[in-house]
K.L.:
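What follows is a single structure, and I will ask about it in a moment.
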Amino acid sequence: MSVQSLPLVGFSRPHTVIATTLQVITLFLIAGGWSYSDLVGLRAVVIALVSCLAANIYVVGLNQLTDVAIDRINKPELPLAAGSMTTPTARRIVIGSALLSVTTAFLGGPYLLTIVTVVLLVGTAYSLPPLRLKGHAGWAALSIAATRGLIANVGLLLHYGVVLGVTVRSATLLIVGAFFFGFAIVIALYKDLPDLAGDQMHQIQTLTVRLGPARVIGLGRWLLSVCYALPIGVGLAGLPQVAAFFLLISHALIIFGFWQRSQALNPERQADVVALYQLLWRMFYAEFIILSIYELLRSMA
């Protein structure tokens, strides 16, 4: 049995767990953690990681609880859809995750508690009636972009700044906030690409259902290009510094590769759109690593 096939692992949606883990750790480094060796910093990272991962499991778990019928078509491998996890067990995990997230965040301080509370509230509104934001393409994209892209990233930077006793640069907040807000919109658009069949059957009006896969892929490609133009522009403005050159080249190569990959695929082929969505998450992971290295190089200059 593979790790991926374990019910709890599948229920937690590993790609989101990886993203959250990278966010929590690398944002600490971006905020100044590269030069911080005190145990206070380690405690802050551990508390933030536990709280944010628990919030992550709550959000993705609640979504699965409300989408079992749809997931049997779109994602039959998920534990509830596959029958490898029972509904009562899933409910206990979701409720326990919410309680763990809030309790741990309370220990972390007001910024962390605010982040977690907002994420839990938006995640609830995303899946549950009467709002059920996921049924409305615009609100669904905005909720994902606001929480995963803006609130979590900027909030964690401010949280770490307070813990470390440093002032996070406004330029860093701008790049992280604007870039990941736009990137998360693209994630929100592309996450529905593999789910076209089930969404059509259950009359969920995503942009993929309304516009078709090809047009959504094209829209996301241009939005992502605008996102990458921001760090590329910052890199150009900072030349000839090593940090600026690294920022420029890394982002230019990634967005160039994405254009090639996304234009070469068949938008009507399920395997191709799944691969594209997975590539997008790998780019999301890479961005945190790139920005943390950039801040390290900049601090050494």
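Note: hydrogens, waters and symmetry copies are ignored here, and every other heavy atom, side chains too, is used.
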K.L.:
Are V234 and V226 connected in the hydrophobic side-chain network, where two residues link if heavy atoms are under 4.5 Å apart?
P.N.:
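Unlinked, V234 and V226 end up in two clusters.
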
K.L.:
Search all heavy atoms of V186 against all heavy atoms of G220 and return the closest pair with its distance.
P.N.:
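Scanning both residues completely, I find the closest heavy atoms to be CG2-O, 3.7 Å.
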
K.L.:
Quick check: do I57 and L100 have side-chain heavy atoms less than 4.5 Å from each other?
P.N.:
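Answer no - side chains too far apart.
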
K.L.:
With rounding to the nearest 0.5 Å, note down the distance linking CG in L120 to CD1 in I115.
P.N.:
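Nearest 0.5 Å value for the CG-CD1 distance: 11.5 Å.
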
K.L.:
State plainly whether one hydrophobic cluster holds both L121 and L150, where clusters connect Ile, Leu, Val, Met, Phe, Trp and Tyr through side-chain heavy atoms under 4.5 angstrom apart.
P.N.:
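Each belongs to a different hydrophobic cluster.
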
K.L.:
With a 4.5 Å heavy-atom cut-off, do F246 and I290 have their side chains touching?
P.N.:
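Side chain of F246 against side chain of I290, heavy atoms only: contact under 4.5 Å found.
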
K.L.:
Does S262 reach the main-chain N or O of W259 with its side chain, forming a donor-acceptor pair under 3.5 Å?
P.N.:
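Looks like yes, one N/O pair under 3.5 Å.
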
K.L.:
Please examine the side chains of Y294 and I30, heavy atoms only from C-beta on, and report whether any two atoms are closer than 4.5 Å.
P.N.:
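Side-chain contact under 4.5 Å: no.
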
K.L.:
Quick one: pull up CD1 in I217 and CG in L224 and give me the separation to the nearest 0.5 Å.
P.N.:
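Taking CD1 in I217 and CG in L224, the distance rounds to 12.5 Å.
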
K.L.:
Could you check whether atom CZ of F245 has more than 12 heavy atoms from other residues, nucleotides or ligands sitting under 6.0 Å from it?
P.N.:
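For F245, atom CZ is not crowded (no more than 12 foreign heavy atoms under 6.0 Å).
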
K.L.:
Would the number of heavy atoms belonging to other residues, nucleotides or ligands and lying under 6.0 Å from CD of Q270 be above 12?
P.N.:
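Atom CD in Q270 is packed in, count exceeds 12.
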
K.L.:
Given side chains that start at C-beta, do those of L157 and L173 come closer than 4.5 Å, heavy atoms only?
P.N.:
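With C-beta onward as the side chain, the pair touches.
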
K.L.:
Report yes or no: does S292 contribute a side-chain atom to a donor-acceptor pair with the main-chain N or O of I289 at less than 3.5 Å?
P.N.:
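Here the side-chain-to-backbone pair exists.
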
K.L.:
Taking only residues two or more places apart in sequence or in another chain, which ones pass ring-ring contact (aromatic ring centres under 6.0 Å, His included) with Y190?
P.N.:
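Residues passing ring-ring contact (aromatic ring centres under 6.0 Å, His included) with Y190: none at all.
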
K.L.:
Restricting to side-chain contact (heavy atoms from CB on, under 4.5 Å), what partner residues turn up for L248, sequence neighbours left out?
P.N.:
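Once residues adjacent in sequence are excluded, the partners of L248 under the side-chain contact (heavy atoms from CB on, under 4.5 Å) criterion are I232, L236, L239.
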
K.L.:
Is there a path of hydrophobic side-chain contacts, each under 4.5 Å between heavy atoms of I, L, V, M, F, W or Y residues, that connects L158 with V166?
P.N.:
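Looking at the clustering, V166 is in the same group as L158.
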
K.L.:
Got a salt bridge between D192 and K134, using NZ or NE/NH1/NH2 to carboxylate O under 4.0 Å?
P.N.:
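Looking at D192 and K134, the cut-off is not met.
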
K.L.:
Taking the side chain as C-beta and beyond, is there a heavy-atom pair between R132 and T66 under 4.5 Å?
P.N.:
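Sidechains of T66 and R132: in contact.
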
K.L.:
Same cluster or not: L80 versus L78, using hydrophobic residues (I, L, V, M, F, W, Y) connected whenever any side-chain heavy atoms lie under 4.5 Å apart?
P.N.:
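No, no single cluster joins them.
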
K.L.:
Quick one: pull up NE2 in H159 and CG in L164 and give me the separation to the nearest 0.5 Å.
P.N.:
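Answer for the NE2-CG pair, H159 versus L164, is 9.0 Å.
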
K.L.:
Would the F28 and Y160 ring centres measure less than 6.0 Å apart?
P.N.:
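For F28 and Y160, the ring centres are under 6.0 Å apart.
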
K.L.:
Is the side chain of S127 donor-acceptor paired with the backbone N or O of T124 at a distance under 3.5 Å, no angle test?
P.N.:
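The answer is no, because no donor-acceptor pair under 3.5 Å joins these two groups.
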
K.L.:
Step through the shown structure and confirm whether more than 12 heavy atoms of other residues, nucleotides or ligands are within 6.0 Å of CH2 on W222.
P.N.:
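Counting other residues, nucleotides and ligands, CH2 of W222 stays at 12 neighbours or fewer.
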
K.L.:
Can you check whether R282 reaches L279 side chain to side chain, under 4.5 Å on heavy atoms?
P.N.:
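Heavy-atom side-chain distance check passes, below 4.5 Å.
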
K.L.:
To the nearest 0.5 Å, tell me how far R261 CZ sits from L276 CG.
P.N.:
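It comes to 7.5 Å.
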
K.L.:
Quick one: ring-ring contact (aromatic ring centres under 6.0 Å, His included) partners of F181, sequence neighbours excluded?
P.N.:
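Checked F181 against ring-ring contact (aromatic ring centres under 6.0 Å, His included); zero matches.
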
K.L.:
Considering only residues two or more places apart or on different chains, which pairs with a residue in residues 106-126 satisfy ring-ring contact (aromatic ring centres under 6.0 Å, His included)?
P.N.:
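Found none.
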
K.L.:
Keeping T117 on the side-chain end and T114 on the backbone end, is there a donor-acceptor pair under 3.5 Å?
P.N.:
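Side chain of T117 to backbone of T114, a donor-acceptor pair under 3.5 Å: no, none is there.
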
K.L.:
Testing the basics here: between L291 and V176, what is the closest heavy-atom pair and its distance to 0.1 Å?
P.N.:
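Reported closest heavy-atom pair: CD1-CG2, 4.0 Å.
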
K.L.:
Nearest 0.5 Å, please: how far is CG in L22 from CD in E287?
P.N.:
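These two atoms lie 11.5 Å from each other.
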
K.L.:
Take L223 and L189 through the side chain to side chain contact (heavy atoms under 4.5 Å, CB included) test and state the conclusion after the steps.
P.N.:
CA-CA 10 Å; L223 286 174; L189 294 177; 3.8 Å; yes

K.L.:
Other members of the hydrophobic cluster containing L99, with the 4.5 Å side-chain heavy-atom rule, please.
P.N.:
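Joined to L99, directly or through intermediates: I95.
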
K.L.:
If the condition is salt bridge (Lys or Arg N to Asp or Glu O under 4.0 Å), which residues does R269 pass it with, not counting sequence neighbours?
P.N.:
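Scan of R269 (salt bridge (Lys or Arg N to Asp or Glu O under 4.0 Å), adjacent residues dropped) gives D272.
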
K.L.:
Are the side chains of M85 and I93 in contact, using a 4.5 Å heavy-atom criterion?
P.N.:
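The answer is yes, as the side chains (C-beta and beyond) meet within the 4.5 Å cut-off.
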
K.L.:
Could you walk me through whether R221 and Q263 pass the side chain to side chain contact (heavy atoms under 4.5 Å, CB included) test, one step at a time?
P.N.:
CA-CA 9 Å; R221 185 163 52 228; Q263 288 184 313; 3.6 Å; yes

K.L.:
Go through the steps to decide whether K191 and I144 satisfy the test side chain to side chain contact (heavy atoms under 4.5 Å, CB included), and finish with yes or no.
P.N.:
CA-CA 11 Å; K191 72 181 288 293; I144 292 172; 3.6 Å; yes

K.L.:
Where is the tightest heavy-atom contact between G61 and V94, given as atom of each residue plus distance?
P.N.:
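Nearest pair, atom of G61 first, then V94: C-CG2, 3.6 Å.
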
K.L.:
Looking at every non-hydrogen atom in both residues, tell me the closest pair between S101 and V116 and how far apart they are.
P.N.:
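Of all heavy-atom pairs spanning S101 and V116, the closest is OG-CG1, 2.9 Å.
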
K.L.:
Between S51 and A48, is there a donor-acceptor pair closer than 3.5 Å when you use the side chain of the first and the backbone of the second?
P.N.:
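No.
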
K.L.:
For residues 162-181, which residue pairs qualify under salt bridge (charged side-chain N to carboxylate O under 4.0 Å, His left out), counting only residues two or more places apart or in two chains?
P.N.:
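For residues 162-181: R169-E295.
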
K.L.:
F284 and I18: same hydrophobic cluster, using ILVMFWY side-chain contacts below 4.5 Å?
P.N.:
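The answer is yes; both residues are in one hydrophobic cluster.
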
K.L.:
Using the test side-chain contact (heavy atoms from CB on, under 4.5 Å), find all partners of P88 that sit at least two apart in sequence or belong to another chain.
P.N.:
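Here the qualifying residues are T86, R92.
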
K.L.:
Rounded to the nearest 0.5 Å, how far apart are CG of L230 and OG of S225?
P.N.:
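That separation rounds to 13.0 Å.
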
K.L.:
Taking ring-ring contact (aromatic ring centres under 6.0 Å, His included) as the test, write out the residues that go with W139, two or more places apart.
P.N.:
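So W139 forms no ring-ring contact (aromatic ring centres under 6.0 Å, His included) with any residue.
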
K.L.:
List for me each residue that meets side-chain contact (heavy atoms from CB on, under 4.5 Å) alongside T16, sequence neighbours excluded, and say none if there are none.
P.N.:
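Partners of T16 by the side-chain contact (heavy atoms from CB on, under 4.5 Å) criterion, ordered by chain and then number, come out as R13, N56, V60, R148, W281.
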
K.L.:
With a 4.5 Å cut-off on side-chain heavy atoms, are L112 and L156 touching?
P.N.:
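Contact flag for L156/L112 side chains = yes.
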
K.L.:
So which atom in A145 and which in I185 form the shortest heavy-atom distance, rounded to 0.1 Å?
P.N.:
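Of all heavy-atom pairs spanning A145 and I185, the closest is CB-CG1, 3.3 Å.
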
K.L.:
Which pairs with one or both residues in residues 40-99 pass ring-ring contact (aromatic ring centres under 6.0 Å, His included), sequence neighbours excluded?
P.N.:
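Every candidate ring-ring contact (aromatic ring centres under 6.0 Å, His included) pair involving residues 40-99 fails, so no pair, neighbours aside, qualifies.
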
K.L.:
To check you understand the geometry: which heavy-atom pair defines the closest contact between N153 and G149, and what is its length?
P.N.:
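Minimum heavy-atom separation between N153 and G149: ND2-O, 2.7 Å.
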
K.L.:
With Y228, which residues qualify under ring-ring contact (aromatic ring centres under 6.0 Å, His included), at least two apart?
P.N.:
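By the ring-ring contact (aromatic ring centres under 6.0 Å, His included) rule, Y228 matches F179, H251.
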
